[in-house]
Every structure is written in structure tokens, then in C-alpha cells.
2 protein chains.
Amino acid sequence: MQRSYDSLGVIVTGFHAPRLDSVLPYSQTNEHDFIDTRAGVALSQDETTARGRATAEMVAERANVSRVAVSRAFNPHASLKPAKRELILRIAQELNYTPDRAARALVSGRSHLVGVIVPDVCSHWESQEIDALTTALQAEGFATLLFKTRIDYSMDEQLLAYMRGFNPDSVIAFVENVKPTTLAKFLDRAVPIYIHYPRSGAPEDRQAGPLHDRLNVLHRTGVEQAVSLLQGYGARRIAYVSGVDKSRANTAREDMLRVVMAERGLAPPIIAASDFSYDRAYAATLDLFRVGEGADAVFAANDVGAFGVIDALRHELNLRVPEDVKVVGFDDIAQSHWKSYNLTTVKFDLEERVRALVRLILRRLNNPDAPPLEETLNTRLVVRGTVG
Amino acid sequence: MQRSYDSLGVIVTGFHAPRLDSVLPYSQTNEHDFIDTRAGVALSQDETTARGRATAEMVAERANVSRVAVSRAFNPHASLKPAKRELILRIAQELNYTPDRAARALVSGRSHLVGVIVPDVCSHWESQEIDALTTALQAEGFATLLFKTRIDYSMDEQLLAYMRGFNPDSVIAFVENVKPTTLAKFLDRAVPIYIHYPRSGAPEDRQAGPLHDRLNVLHRTGVEQAVSLLQGYGARRIAYVSGVDKSRANTAREDMLRVVMAERGLAPPIIAASDFSYDRAYAATLDLFRVGEGADAVFAANDVGAFGVIDALRHELNLRVPEDVKVVGFDDIAQSHWKSYNLTTVKFDLEERVRALVRLILRRLNNPDAPPLEETLNTRLVVRGTVG
DNA sequence: GTGAAGAATGAACACGTTTTCACTTTCCGT
DNA sequence: ACGGAAAGTGAAAACGTGTTCATTCTTCAC
């Protein structure tokens, strides 16, 4: 079996053309990425409806029971003679039957979908959070419905309307600057919405506060440990390379840093404006040391930002980390232990956080009128090689 | 408004306790991560059903039209007097109505959900692909339904059955070693399945080949450029730090490297077994240079692996990159331009790839019986600082 | 053996939409 | 004005399930 590439509609995108004239044995051309479609086309056509799936009706017929019995067999709480349930489940498996969740959602009002709104899946912290979230939700019988919003962390009304059509049971929004009324307009009273970033302390948040479940994170602990460590190594002039301006996470972190530094008699942090990204943090650092006054130590609003700071210091400013400048991050993402960075950082226990979040969500779904619950997680400093 | 932390059920996880006795003004305690729930509770209760959403029925009543007209107003292809459509859409907006997708799916057989199965959302390449995919699908009116499978890239039958319940219109699986028959057993004839890793060239794949849509990627172009560049700098002994053994992506890349090196009269690559991860690549590199014979240049199966290689060389083996050892990766993920690595790598145009994929999917959904289509993308070498 | 309590059962309804199918109205060329 | 085609319209059926409710069957204490 041989084939010539120029028989295909080849899209050539490289900066020099591929060898279109090369004719290789098929076994040597497995530079193919490959996509199967309709893998099941050849399967038996009996016992399936026109749409290709077995229904409860068909299972019932084959098992000589009513359709309702089939429904009950799949609901553990329903009462059904054990032998009958076993028979039904066996036949269901033979016919490869699973209850249709769309139909189930229609009547029960539970889609078992949790909407996740995120500005950027690739962001390290977010991607790790989504990963853990999906695992946890999957274990509880829910599926993650992913939506992207604008990169500036603002909430898009069009997106909310769009998402609403899918009827999520709950929504987790990695989103800033969104008013409860906006959310309420586009989602139903019954849908709990979880804003997954730190609160800003703005008046409207405080007002809404007591009505809602809360997951608190004590930034203070980790920040105190970090500042204490920096002080111990003689750092006095500390800079903060910020996250997105006015975002909840950035405000919370910057404010806490300011409070702790004040308590310890340090001058307020020098603020270098950035946006959580590597590139902006890199540029902000260059600015800080070339145009600005520099610093003994740099706090970055997140780990990725800290990587940008470190690379700017080492590879462009010819400063040593940690000898000349110490660097501390926030999050402790998986990449922080990579040797090139080996970052000292304030850790959030991501898995614990996601477990707590899923716990809150499920509790609220099972009991919508339960009193608001508050859970609090702590932070701690993970000491590696960028302070010392 | 003041509050004391020890009035909360504080979960303390740090390695030293937080200052529970501290009492700060609320505005200074915004170390809270914060979660809103049921933001809409206070909204007006009129014009909503018990479940909290307006229905087509209610819109029809208010607009003095039939319920069918409402349905048609939301379907651009249906014929409806423009004035009427406008009226309905306006009233729908007032009532904050959106068609329920579960009900729509039930009758039309289209859920507008695309299942994405992935072993690890955090993997850089996968997370970037998921991000682009979600954007593209969202633009076409589809939503991404995320599922996690086992980390060894194998396909979990239980997961397939679970996912099937959600009735995805199509499935994109970042998965290895899965037989078409397994997929077919758990998904319907009507659901196109896209395996999103390179083919292995194994007999069963070849057999299935002509029946399916395909998205080819010409590894050859980029690999030839890379090998040519390495040869130009005098590299002769080239090692390959592999991906997961027998995985499609790894096999395709390793085989192509072998073919190209043979064509150019080089000895076969020295194989160092790894699994696409930073840590294993790091360890494999130490092994290669301490126990094994070392190399002039290292090809890594992916960029993250290349980072592990670089860090092992520089920070543990005290070798210089690129002076002592040259390194080339695969993928060109966003992190590859970070200064600490500045990686020379074989680039896949991710956006273009995702666009082509979504194009194939939509075409197949709109016309299930269309003849199989094949698209081919090219690769190219992005030259940065790890070869030279 | 008897009665009552509880478990098991299936018919009918409900969920919110799209699609089909007749029917009515509008439009256009002559 | 006229006929025919096209566009517009709403009643009814369908999608596949969970839930309610009245009925039948089983169990168990006496």
C-alpha cells in the first residue's frame, strides 16, 4: 500500500515546502496525526433506535418488565425487587443502554452539568484547578462544561445567556468584576454561582457577604512567613509585581502584603504594574530596575509572573537570584519546582481547596435552603531556592 | 463591622498556626477568597416558572403568538414574518428567555455538546489545545464537555459509558491505545469520534484508515530542518528522550526521527525512555549521561520533556546548552520562548490545527454520510537558543 | 388464618422543546 | 383580476426519561 502525498490536498505552511514527491511505504509515513470518525458504523444495527441508542423501552421489552421498572433499576433509592433489578441491569448492559441525561434533566431539573467559566485554560493555576475540579466532579456524577470568557477577566453577558441554555446545575466562574445582579439576570434563582477569586473588599461584596457560602483563604499566614524570611535575609526594599489591576486576587494579595509589611515596620511595597502573565511581569521588572529604583526583593502576584521576574533579572539585567534579588511567588503551581526557577512561593493547597469547593456545591444543590456555610483554608510558604 | 477569626470553623493547615486572635477591621481582612452562591435569590419572582426559568409558553402568551412561533423565532432557518420574529425576540429578552437545550436535544437529537477526553488538563500542550478548541466550538454554538481519563492515556470503558449518558454530538479523545470497536461499543453510530494523537501505523489502524476523516501532520518537514541544523553544528550522536512508550505521538515522532537520520547517514538515535513529563525527562537525562554514553544533541518528544532535559544538563550535570549539548523539542508551546529555556523546537500550528479539526467535525455532523476527508498540516522548526 | 403495614408495580402525566402536516395567507407574473 | 407558487401559521405528535398515584403483592406479628 503506497501513497503519494501530492495526491492529497496538502496545506503547506512551513517556511520551506515538504518533499511532496517522496513516495514511501505506508508504514514509514506515520507522521500522520489521525482522526477516526464514526468508528461504530460497522456495528450491528439491531436493538438500536434510528438515532443509534437503546432506550428504556427496549430494555423493558427484552426483560419483560415495564419501562418504569427500568427507570427504577437505575435509581438506587427506588424500590425494586433485587432479582428484577439485577436482570434489568444485565440486559441494559447487553444492549449497551444508559439513561439519556437530556431526558432525565428535562423531567428532574438536574442536568448534572457544572459550568466552568475561565478566561484562559492555559494559565497554569487555572488549568490545574480545572483538572482537579473535573476529577472531583466526575467522581460525584457531574460533568464539567467549559466556557471561555474575555481575557481581561470580565464577565460577558452574551456568554452568560449562552451558557444558561445548557442548564448547568451550578456555575464556577474564574471571573472578576462581576456584579451579583448581572449574574442573577442571566442565571436562575436555583443555580448557585461560585466566584472563584478572592473578594475585593468593595462595598457591594460586603453587602452580599452574609447571604452566601464562602471559601476563605488566609493569605496572611503565608505572607507573614515570606516577609519574615525576606527580612531575615536583610531585604528592606520590597517590590510587588502585580496581577490584573483591580482584580480580586491581585487586590487581596497586594493589600495583605501591605498590611504585613506595615506591621513589621517596612516601607510600603514598590508597585510594578503587571497582569499575571510572564511577558508583562518580565517587562515590568525591566522597567522597575532600569527606569525605577530597583529592589532587594520582589513579590510576584502569581508564580508565572515570578518566572518572568526571575528571567528578566537573570537573563537581561544580569542580576543574580537570590544573591542580588530575592523572589517570592504565589500559588505553588507544578512548574515552580522546575530547576530553572526553583521558586520560593506562598502555597495554596489546590486539591484541598477543590475538595472544599465541591463539598460546598453539592451541599447547596442537595439543600438549596441550607444556611450559608463558610470554610477557611490556610496558606504556607514553600521555601525553595529564590530566597537565601 | 469587625469579626474575629476564631468565631469561624477555621481549618488550619499551615505549618504554624495563623494568628487566630487577631481582630482587624473587615476592610483589612480581605485575605478572603470568596464565593457567591444563589446570587439571584433576591430577584423578582414573577414571570418565572417554579424552576426559575421562563419557557417558550410564557413568551408566546405575552407576545400573543403560538408557542411554535417562539421556537421558530430562535431558528434562523424557519420561516416567520420578520416583524413577528422581532417582537418575539424582544419579549424573550425582556423575560430573559433562552431555549432549553436539554429539551431541544431531546427532540432534535443534537446536544451541541462536544466531549473532550483528556488524561491531564495541566499538560501544557493539551491545555493549550483545549483552550483553542473551546474557543472555536463556542463560536459555532457548541460547548466543551470535559472528562478526565487515566493518566496512562488508556481509555476507560467506565468513563465512556458515563460520558455517553451526556449525549455528546461528537467526541475528541486525547487518548492512546484504544480500539475502534471499544469506542463503538460505548458510543453511538451517529457520534463521530476523533482520536487526537498521531497514528501508530499498527495494522488495525491501517485497516480502519480509509473509512475515516483524517487530520495529518507532516512531522517530516520540521524534523528534517532540525536534523539538518544539528548536523550543521557538528552534532553526530543524537539521543531521543521519548514520550509514553508505544503512544501514538511518541511512536510517530521517534520513527520519523529515525527515518530522517538514516537518510542523512547518521547512526540511529540513542533512546532514553521517558513519558512526556518534566520529571521523567530530567531523570532520563541524568541516566543517559551518567550511566549511558551521553550525546551531542538531545531530541525530546515534547517541549515539557525538553525543559527537563535542559534543567538536568545545566543544573545537575554542569553541561552547557547549547555549547556542550544541543536540545530540540516538539510542539512549540507558549512556555518555550521563556528565557530560561528559549527552546528550539518543531512547531505545530495549534490554532490552525484546531480550526481544521472543528471544520472536520462540523462537516461530519452536518453531513454524516459525506465521503471521508483528509486534511494535512505541516510542521516547521522554530529556531531559538538551544541549538547553536 | 387473619389483618395491617409495607414493598412492589405499572398507567398516566409532566418536562420544554422541535418537527410534521395540514391549512391559510401573501406574493407575483400574466 | 386571476391562478399558482411560496411563505406563514398553529394543532398535534414526538423525544426519553422521572414522578405521582392508585392498585396489587408480600411480609410479618398475633
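First the proteins, then the strands, lettered A, B, ... as listed; each starts at 1. The figures here come from the full heavy-atom set of this structure, side chains too, leaving out hydrogens, waters and symmetry mates.
Nucleotide C:dT19 holds its C1' atom 13 Å from the CG atom of B:Leu106, rounded to whole Å. For B:Asn64 and D:dT9, the CG to C1' distance is 15 Å, given to the nearest whole Å. To the nearest angstrom, P of D:dG8 lies 12 Å from CD1 of B:Ile88. D:dG16 atom P lies 18 Å from atom CZ of B:Phe166, rounded to whole Å. With rounding to whole Å, B:Asp100 atom CG is found 14 Å from C:dA14 atom C1'. Rounded to whole angstrom, the span from the NZ atom of A:Lys81 across to the P atom of C:dG6 amounts to 19 Å. When rounded to the nearest whole Å, the span between CZ of A:Arg110 and C1' of D:dG16 equals 20 Å. B:Met58 places its CE atom 15 Å from the C1' atom of C:dT17, with the value rounded to the nearest Å.
From B:Leu365, atom CG reaches atom CG of B:Leu360 across 11.0 Å, with rounding to the nearest 0.5 Å.
Close to C:dG10, at under 4.0 Å from its OP1 or OP2, lies a side-chain N or O of A:Lys84. When the side-chain nitrogen and oxygen atoms of A:Ser79 are compared with OP1 and OP2 of C:dA8, one or more of them lie within a distance under 4.0 Å.
Residues satisfying the side chain to side chain donor-acceptor pair (under 3.5 Å) criterion with B:Ser111, sequence neighbours excluded, are B:Asp169. With sequence neighbours excluded, the residues forming a side-chain contact (heavy atoms from CB on, under 4.5 Å) with B:Ala69 are B:Val65, B:Ser66, B:Leu80, B:Ile88, listed by chain and number. Qualifying side-chain contact (heavy atoms from CB on, under 4.5 Å) partners for B:Arg363, counting only residues two or more places apart in sequence or in other chains: B:Asp213, B:Ala370, B:Pro371, B:Leu373. Qualifying side-chain contact (heavy atoms from CB on, under 4.5 Å) partners for B:Glu94, counting only residues two or more places apart in sequence or in other chains: B:Arg62, B:Arg90. Every side chain to side chain donor-acceptor pair (under 3.5 Å) that B:Thr144 has, sequence neighbours left out, goes to B:Thr134.
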Can you name the atoms? Protein N/O to nucleotides 18-22 of chain D N/O, anything below 3.5 Å, with the distance.
from   : atom 1 : to       : atom 2 : distance (Å)
D:dG18 : OP1    : A:Arg104 : NE     : 2.8
D:dG18 : OP1    : A:Arg104 : NH2    : 3.0
D:dG18 : OP2    : A:Ser71  : OG     : 2.4
D:dG18 : O6     : A:Arg67  : NH2    : 2.8

Let me see the working for B:Arg101 and A:Asn167 under side chain to side chain contact (heavy atoms under 4.5 Å, CB included), right down to the final yes or no. CA-CA 7 Å; B:Arg101 285 189 119 106; A:Asn167 245 333; over 6 Å; no
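Toward the 5' end of DNA chain D, the nearer of the two residues B:Leu80 and A:Thr98, judged by each one's closest nucleotide, is B:Leu80.
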